[in-house]
Chemist: 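Got a structure for you, written out below as structure tokens; questions coming shortly.
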Amino acid sequence: MRFLKCSLFFLMAACLFAQSGEDAAVRQVVQKFMDARDKNDARAIEALFTADADQLVSSGEWRKGRADVVKGSMASSQSTGGTRAIKVTSVRFLTPGVAIADGHYDLAGLAGGATRNMWTSIVMAKGADGWRIAAIRNMLPAAPAPSK
């Protein structure tokens, strides 16, 4: 019985260790995306997305396909300027190969010194070449609905 308990303990520890490594890998992809945006590096952005990726931005524009996501990201960076930062607050694994990274998305240094404070959800898929972004949903917080 003690052997079974020890085996179970080590199995659980191994799973937690593996998941923490995957958590770090997912967060690293988000950071690479932010770094590539800061450098206006279209090739680096492209390498982070799946071929069928899509992105729904806070303006309501829906970019579909990797090429459209890259084109839209580059155009957005050039037209709005500012400094972008995503602080991942949680990573949840739906399956060992699918994760959702949620976080605060801030766009600072806009016209007049304004900052846009948003939320983002980034869906990632793990393939033979590692974690890639499959979908992004950016959201502007809205005022609460009036109570009835």
Side-chain angles (χ1 to χ4, degrees), residues 6-145:
C6 286
S7 296
L8 186 57
F9 171 79
F10 285 113
L11 179 61
M12 288 173 53
C15 288
L16 288 174
F17 180 75
Q19 191 165 5
S20 71
E22 294 299 319
D23 182 282
V26 165
R27 290 171 187 270
Q28 185 178 38
V29 171
V30 174
Q31 188 56 54
K32 285 180 179 180
F33 177 53
M34 291 291 90
D35 294 345
R37 292 281 305 259
D38 285 346
K39 295 174 185 169
N40 291 315
D41 188 341
R43 285 189 179 193
I45 293 170
E46 181 180 34
L48 297 171
F49 285 85
T50 62
D52 62 347
D54 72 337
Q55 180 181 25
L56 181 59
V57 299
S58 58
S59 68
E61 177 188 357
W62 206 328
R63 303 168 183 162
K64 296 188 178 190
R66 181 171 39 214
D68 199 25
V69 169
V70 173
K71 180 180 167 188
S73 294
M74 297 301 294
S76 175
S77 291
Q78 291 169 4
S79 69
T80 61
T83 305
R84 290 164 171 72
I86 293 176
K87 180 183 178 200
V88 175
T89 57
S90 69
V91 175
R92 183 167 56 111
F93 294 91
L94 303 178
T95 69
V98 177
I100 299 175
D102 290 309
H104 298 278
Y105 182 13
D106 297 320
L107 179 50
L110 299 173
T115 298
R116 288 179 75 190
N117 303 110
M118 300 172 280
W119 282 98
T120 190
S121 291
I122 301 172
V123 179
M124 293 198 202
K126 187 176 184 185
D129 53 354
W131 288 99
R132 296 290 179 264
I133 300 170
I136 297 177
R137 301 293 181 267
N138 297 329
M139 299 147 276
L140 279 170

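Values in this document were obtained by computation on a predicted structure and should not be read as measured data.
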Chemist: Could you go step by step and tell me if Val30 and Tyr105 meet the side chain to side chain contact (heavy atoms under 4.5 Å, CB included) rule?
Modeler: CA-CA 11 Å; Val30 174; Tyr105 182 13; over 6 Å; no
Chemist: Could you walk me through whether Ile122 and Ile86 pass the side chain to side chain contact (heavy atoms under 4.5 Å, CB included) check?
Modeler: CA-CA 11 Å; Ile122 301 172; Ile86 293 176; 4.1 Å; yes
Chemist: Roughly how far, to the nearest 0.5 Å, is the CG atom of Leu107 from the OG atom of Ser58?
Modeler: 8.5 Å
Chemist: Ignoring hydrogens, what is the shortest heavy-atom contact between Ser77 and Arg37? Give both atom names and the distance.
Modeler: OG-NE, 2.9 Å
Chemist: Please round to the nearest 0.5 Å and tell me the distance separating atom NZ of Lys87 and atom CE of Met34.
Modeler: 15.5 Å
Chemist: If every non-hydrogen atom of Gly72 is compared with every non-hydrogen atom of Arg63, which pair is closest and at what distance?
Modeler: O-NH2, 3.2 Å
Chemist: Met118 and Thr120: side chain to side chain contact (heavy atoms under 4.5 Å, CB included), yes or no, with the steps?
Modeler: CA-CA 7 Å; Met118 300 172 280; Thr120 190; over 6 Å; no
Chemist: In terms of the angle between their ring planes, are Trp119 and His104 parallel, tilted or perpendicular, with boundaries placed at 30° and 60°?
Modeler: tilted
Chemist: For Trp131 and Gln28, does a side-chain donor sit closer than 3.5 Å to a side-chain acceptor?
Modeler: no
Chemist: Restricting to non-hydrogen atoms, name the atom on Val88 and the atom on Ala101 that form the minimum distance, rounded to 0.1 Å.
Modeler: CG1-CB, 4.2 Å
Chemist: Less than 4.5 Å apart, side chain to side chain, heavy atoms only: is that true for Thr50 and Arg66?
Modeler: no
Chemist: If you measure from CZ on Phe33 to CG on Asp41, what distance do you get to the nearest 0.5 Å?
Modeler: 12.0 Å
Chemist: Any idea which heavy atoms bring Gly109 and Thr115 closest together, and the distance?
Modeler: N-OG1, 4.4 Å
Chemist: Would a 4.5 Å heavy-atom cut-off, applied to side chains only, mark Phe93 and Val98 as touching?
Modeler: no
Chemist: Can a side-chain donor-acceptor contact be found between Arg84 and Ser76 if the only test is distance below 3.5 angstrom?
Modeler: yes
Chemist: Would you give the length of the straight line joining atom CD1 of Ile100 to atom CZ of Arg137, rounded to the nearest 0.5 angstrom?
Modeler: 10.5 Å
Chemist: Atom OG1 in Thr83, atom CG in Leu110: separation rounded to 0.5 Å?
Modeler: 9.0 Å
Chemist: With rounding to the nearest 0.5 angstrom, report the CG to CZ distance, Leu48 to Arg43.
Modeler: 14.0 Å
Chemist: Is there a side-chain contact between Gln55 and Asn138 (heavy atoms, below 4.5 Å)?
Modeler: yes
Chemist: Using every non-hydrogen atom in the two residues, find where Ala53 and Val69 come nearest and quote the distance to one decimal.
Modeler: O-CG2, 4.1 Å
